[in-house]
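Just follow the structure's listing: the first ligand is 1, and inside any ligand the first atom is 1.
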Amino acid sequence: MSLTLARRCLVSAALAALIAFPLISNSLYYQNLLILTFVLAIGASGWNIMGGYAGYISLGNSAFIGLGAYTTGILAAKQQLSPFIGCLIGGGVCAVAAAVLSLVTRRTRGMYFVIVTFATLQLLGVVATTWSGLTGGSQGLALPLPTWSLSYQTWPIYFPLLALLVLTVAASILVRRSKLGAGLFAIQDDEDKAAGLGLRTAVYKMIAFVLGGTFVGIAGGLYAYYVTFLNVPAVFDIVTSVLIVLSTLLGGRGTIWGPVVGAFIVEPLADLTSTNLGGADSGAIRLLLFGGLLGAVVLFLPRGVLPTLTERWRRSGPKRSRPSEAAGSPPAPTGRTSAPNSAALELQGVSKAFGGIQAVDSVSLRVEPGCITGLIGPNGSGKTTLFNLIDGTVPTRSGRISVGGRRLDRDGRPGRAHAGLARTYQLPRLFPSLTVLENLVLAEPALSPRRLVLRRVTEAERTRAMTVLEDLGLAEFADTSPGELSYGQRKLVELAQVIWLEPVVVLLDEPAAGISPALSQRLAETVLTLRGRGVGILLVEHNLPFLASLCERVYVMSNGAVIAEGTVAEVSAERSVVDAYLGDEIALVPKEINA
Ligand SMILES: Nc1ncnc2c1ncn2[C@@H]1O[C@H](COP(=O)(O)OP(=O)(O)OP(=O)(O)O)[C@@H](O)[C@H]1O
């Protein structure tokens, strides 16, 4: 039986059992346990969209349970609004709160993000306690008691929560399979690179945060009606946040079913401790217990239960062989060009200092459309910093940068990519969570919110991308992970991303370094083809014969400044270039490229 079929059978059987359970069992204890498990599973699945897909670990997600619960509770207690409508409003409040939080934290990553989200949880707890006129403060808030018959006491909460869990998982599946999901995984792998490929990463993160927060908020509202009494320490509880994270990590972060499986393991444990641990210190002991368990999972089961089991299942199946490096022909045509009479790239007086080091000193240069321009200089002369200034990795304080006649030194990285700027790196930076094909089509040549809901790779994209990959000799790797490719092949995939962006100008940072002669030849052919289509290319390369064979003009940098420019023959004859970089023994002699 295939893994997918086995998974479908298991999920259908589990869902049928959960639907049937309250109808055939009178055990209120187990129904209660399942209700709490559903809330935790929704919390974990919601958290997983931001924490598992995008890699932003939050310790404040129980704040959404609290916000949803208090919104529902206040509307029910003070406005006599049905909690079933109130919980939807609670979900809306959480969506707004999540949007605000993602705006506030849009430049916050890693540990700082954890701290900010934890602080938000604490802050909301303090506000809820202090605003006693609305929330009941430390006295708590009582909701109207349910009016339905005792014979089906839990059903009106049980079934909506189960339906909400199904909806949350369905949303996780849709997100994971969409371009939005691919973008979130790319953000987890390398957020800067994703932005350089044109992804508005802040928008991706906001959607993920809002989606997760909304489902958790609705669950919080239903939970409030279930317990009918809210008090701040129980609702805005850090232990709940820890349980949410623990469930996701234990089941498998970034997977669809991991958070649900994790919740079904963790909630019974949590129930056991809350039944057996009493006294004033029980909260602290539970925090220690689950915090310790969280640490143990991170250390000893870092991928979680589901991915570990899936991997074992896969390994027991037939193995795939690793294909060899094949030759290819030129890439598909690019669509964009520079404005008439404009340079593909123009820099005027661009400077950058790091403390006392003047890394780039008032550099001005031009790259014409359909022209390969070299940029050489000794190590530390400022070439990479200049690239970082051009693509916006490092902010520009002085000077002017234009691409295709459009000034863009005040634009963010996605805006520069949309203007036609593309770049490769000294060490190729691909997204290991995505396949080679997904790496390629992730690049966004233009701003298009509609594309977020499309499948990761549409049929039209697959057809076009396969042509690009075939031309680079990479077609057979389309569905493999970039981690399975050689170093040179990864450089070619990065070049394929560049082609996909349909650039006006391309910055190539040491493309030939460390790759085989065969791949180097293919790379050179691809660069020549791009040039033939009117793309301007700025090439940094220490392999001087390779550079000399491709470049019409060369700029030479030393100590952050341009010390010479001209044709290859002109700059190699300049004394300052010989002194600063070439030395007397080396001349810029072109090597032969069979274009
Ligand atoms: N983030 C940074 N903080 C401080 N100094 C930096 C930073 N980035 C670069 N530098 C300094 O700026 C100068 C230029 O470095 P850069 O990496 O741009 O040179 P390069 O010409 O690309 O060198 P290489 O050929 O070795 O890649 C160096 O002195 C470097 O130490």
Side-chain angles (χ1 to χ4, degrees), residues 107 109-110 112 190-193 195-196 345 347-367 372-401 409 412-413 416 421-429 487-488 490-491 494-495 498 505-515 520 523 527 537-551 553-566 568 571-572 574 576-583 585-586 588:
R107 293 192 204 289
R109 292 186 200 179
Y112 299 105
D190 187 341
E191 188 167 349
D192 285 331
K193 161 93 188 203
L345 173 71
L347 308 185
Q348 292 171 328
V350 174
S351 297
K352 178 72 193 176
F354 295 108
I357 300 169
Q358 190 66 44
V360 173
D361 190 2
S362 196
V363 168
S364 299
L365 60 78
R366 266 178 84 90
V367 176
I372 305 175
T373 302
L375 182 63
I376 57 174
N379 293 121
S381 57
K383 305 176 297 292
T384 301
T385 306
L386 189 65
F387 270 22
N388 290 341
L389 288 164
I390 297 170
D391 84 345
T393 308
V394 171
T396 332
R397 296 272 176 261
S398 60
R400 189 185 169 100
I401 300 169
D409 45 80
R413 298 199 65 200
R416 296 183 197 210
L421 178 69
R423 169 186 188 174
T424 65
Y425 296 84
Q426 270 179 26
L427 300 174
R429 287 166 63 174
Y487 177 74
R490 276 185 275 143
K491 284 205 153 190
E494 205 166 57
L495 197 59
V498 161
V505 66
V506 177
L507 314 178
L508 297 176
D509 201 350
E510 299 192 31
I515 68 173
S520 167
L523 192 134
V527 172
I537 292 152
L538 185 59
L539 172 67
V540 165
E541 187 54 68
H542 286 298
N543 180 342
L544 297 181
F546 179 83
L547 177 125
S549 64
L550 289 172
C551 295
R553 290 188 71 74
V554 180
Y555 287 83
V556 186
M557 285 183 77
S558 179
N559 292 324
V562 172
I563 56 165
E565 67 164 289
V568 169
V571 296
S572 50
E574 286 216 20
S576 59
V577 176
V578 172
D579 288 345
Y581 186 48
L582 296 179
E585 306 296 319
I586 305 170
L588 285 174

K.L.:
Within 45° of the ring axis of Y425 and under 6.0 Å from its six-membered ring centre, is that where the NZ or CZ of R429 lies?
P.N.:
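Flagged: R429 positioned over aromatic ring of Y425.
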K.L.:
Quick one: list whatever passes side chain to side chain contact (heavy atoms under 4.5 Å, CB included) with A195, sequence neighbours left out.
P.N.:
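A195 satisfies side chain to side chain contact (heavy atoms under 4.5 Å, CB included) with T201, R413, P414 only.
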K.L.:
For residues N559 and D361, determine if any side-chain heavy atom of one lies less than 4.5 Å from a side-chain heavy atom of the other.
P.N.:
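Answer no - side chains too far apart.
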K.L.:
Indicate yes or no: at least one non-hydrogen side-chain atom of N388 is less than 4.5 angstrom from one of R423.
P.N.:
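Of all side-chain heavy-atom pairs linking R423 with N388, at least one is under 4.5 Å.
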K.L.:
Is the count of non-hydrogen atoms from other residues, nucleotides or ligands lying under 6.0 Å from Y112 atom OH greater than 12?
P.N.:
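It does not: Y112 OH has 12 such atoms or fewer within range.
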K.L.:
With the threshold set at 4.0 Å, does a side-chain nitrogen-carboxylate oxygen contact exist between D391 and K193?
P.N.:
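Salt bridge absent between D391 and K193.
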K.L.:
Might you list the protein residues in contact with ligand 1, defined as having a heavy atom under 4.0 Å from one of its atoms, sorted by chain and number?
P.N.:
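Answer by chain and number: F354, I357, A359, P378, N379, G380, S381, G382, K383, T384, T385, Q426, H542.
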